[in-house]
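Here the structure is laid out as structure tokens; the discussion comes afterwards.
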Amino acid sequence: MPKPVIFCVIGTRPEAIKMAPVVLELRRYSELAETTLISTGQHDEILLAALATFGLKPDADLGIMRHGQTLAQVTTRALDGIAALISDSKPNLVIGQGDTTTTFVAALAAFYSSVPFAHVEAGLRTDSIQNPFPEEFNRRVAGLVAKLHFPPTSWAKENLLKEGKDPLTVFVTGNTGIDAVLEAAENTRTPWFPNHAGRVLLLTTHRRENWGEPQRRIAEAALTLVNQFPDTLLVVPMHPNPQVRDLLTSILGGHDRIELIEPPEYPNFVKLMQRCTLILSDSGGVQEEAPAFGLPVLVLRDTTERPEGVHAGTAKLVGTDRDRIVEEGRRLLGDGDAYRAMAQAVSPYGDGHASARVRYRVFEFLGLDTPDVPDWN
Ligand code: UDP
């Protein structure tokens with residue numbers, strides 16, 4: 001009997017980071033199944049750099065990235081490419097992760113070819129298919145098609161059950177991003193640290209919905225906090241978009257306790273997080289990773305599809321109002337009890353063994369012997 005073939009499809013850096021532990025885990029059992037890593041190259045260079053961190057590179061790279069291409073062009077190029085690979089290799093299962101256009105297209109291509117699809121980081125939802133755009137649509141379609149759902153938390157599982165998914169196909173695994181972040185924290189030997197003895201604040205803002213005025217208010221709030229707490233240094237990895245850079249530089253540039261830096265590669269970013277006292281961020285992944293290190297996050301968005309952290313007390317949703325950000329930041333930096341309450345809250349996002357749980361259920365689905373049964377607590 002030939003070994004079953006599993007396709008793992010990624011397109012962007014966050015997907016690369018969260019899929020890498022799954023690929024590595026499946027390949028630990030390469031005598032049982034063959035795992036092929038496919039990149040659509042939706043965000044090519046930063047994806048490859050993140051993958052390299054894990055010693056991985058794509059087995060097939062569709063290289064669909066074009067400057068200024070529309071979502072329709074991303075979709076059609078990726079669909080053509082993935083469909084051709086499925087037709088050539090006839091995989092037994094396609095695995096996608098999260099909510100990108102690549103994930104939606106991988107699900108659709110698998111569906112068209114009657115190949116089962118498994119969805120990692122399933123079940124995140126907002127109440128509007130328009131928001132975030134197009135991610136909410138992408139993950140809903142992935143969920144519609146999936147034969148196996150791997151929600152990171154019980155909240156995400158409930159969302160899937162409310163939509164009528166068969167409970168026997170839904171398995172809470174934790175977030176594979178936590179497997180990745182713990183591994184990077186453990187294995188990174190030569191991190192970059194800012195040269196500063198006091199507390200370090202980290203600001204990341206890249207979401208399209210915050211471009212322009214909201215980002216201006218965010219930057220002004222961060223500046224106010226640095227000025228009010230003279231022991232702090234603010235580190236700001238700058239998104240490549242020139243508009244974002246110009247705005248951040250115009251408000252935060254030239255300050256002796258603010259470092260505007262190129263976005264660090266993943267292992268260095270992880271080490272930087274560990275060195276920080278407080279994070280202000282609109283990133284999804286950072287909201288999940290920071291509590292793994294007991295690090296409070298002020299979430300610079302009005303809504304989040306990751307309410308578990310807010311409920312657990314590891315993150316606080318503060319939106320983009322300048323005064324609100326300053327007030328919450330000041331409370332955490334000035335009040336040790338308030339800070340400890342957030343820092344000591346237990347992360348709801350997993351224990352670092354999510355990929356083993358994914359591997360176990362995938363092998364079970366494929367009718368393979370399932371060695372090394374993971375702990376499901
Ligand atoms: N990240 C990184 N360097 C940076 C900023 C983020 O390696 O300068 C990592 C971060 O640790 C997380 C992922 O990239 O794993 C999150 O990506 P991003 O914030 O771009 O996207 P989102 O999670 O919002 O989709």
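Whatever order the structure lists ligands and atoms in, that order sets their numbers, starting from 1. All values below come from the heavy atoms of this structure, side chains included, with hydrogens, waters and symmetry mates left out.
By the 3.5 Å distance cut-off applied to N or O atoms, Thr204 is not counted among the residues near ligand 1. Any N or O atom pair closer than 3.5 Å counts here, and Ser283 shares at least one such pair with ligand 1. For a threshold of 3.5 Å applied to N or O pairs, the pair formed by Asp282 and ligand 1 contains no separation below that value. Polar contact check, Pro237 against ligand 1: no nitrogen or oxygen pair lies under 3.5 Å apart.
Contact annotation: for Pro14 versus ligand 1, heavy atoms closer than 4.0 Å belong to the side chain alone. Contacts between Phe269 and ligand 1, counted as non-hydrogen atom pairs separated by less than 4.0 Å, involve the side chain only. Heavy atoms of Pro264 found under 4.0 angstrom from ligand 1 belong to the backbone as well as the side chain.
A donor-acceptor contact under 3.5 angstrom links the side chains of Ser281 and Thr204, judged on distance only. Counted by atom type alone, Gln73 and Arg66 present zero donor-acceptor pairs between their side chains at under 3.5 Å. No side-chain donor-acceptor contact under 3.5 Å links Gln97 and Glu15. Asn175 and Glu121 share a donor-acceptor pair across their side chains, judged by distance under 3.5 Å alone. Between Thr35 and Arg27, the side chains place no donor N or O within less than 3.5 Å of an acceptor N or O (distance only, hydrogens not considered).
Here the side chains of Asp282 and His206 are in contact, with some heavy-atom distance below 4.5 Å.
Nearest protein heavy-atom neighbour of atom 20 (O) of ligand 1: Arg13 NH2, 3.2 Å. What sits closest to atom 11 (O) of ligand 1 on the protein, heavy atoms only, is Glu289 OE1, 2.7 Å. Ranking protein heavy atoms by distance to atom 7 (O) of ligand 1, first place goes to Tyr266 CA, 3.2 Å.
Here Phe7 sits in one hydrophobic cluster together with Val5, Val9, Ile38, Leu62, Ile64, Val74, Leu79, Ile82, Leu85, Ile86, Val94, Phe104, Val105, Leu108, Phe111, Tyr112, Val115, Phe117, Ile129, Phe137, Val141, Val145; the rule is ILVMFWY side chains under 4.5 Å apart, joined directly or through other members.
Within ligand 1, counting atoms from 1 as listed, the ones closer than 4.0 Å to a heavy atom of Gly284 are 22 (P), 23 (O), 24 (O). Atoms of ligand 1 found under 4.0 Å from any heavy atom of Gly285 (numbered from 1 in listed order, with element): 22 (P), 23 (O). Annotation for ligand 1: atoms under 4.0 Å from non-hydrogen atoms of His206 are 18 (P), 19 (O), 20 (O), 21 (O), 24 (O). Atoms of ligand 1 found under 4.0 Å from any heavy atom of Pro263, numbered from 1 in the order shown, are 8 (O). Remark: ligand 1 atoms within the under-4.0 Å shell around heavy atoms of Ile17 are 14 (O), 15 (O).
Met19 CE to Leu51 CG: the interatomic distance, rounded to the nearest 0.5 Å, is 10.5 Å.
Under a 4.0 Å N-O distance rule, the pair Glu209/Arg301 qualifies as a salt bridge.
Under the ring pair (Phe, Tyr, Trp, His ring centres under 6.0 Å) criterion, Tyr349 pairs with no residue at all, not counting sequence neighbours.
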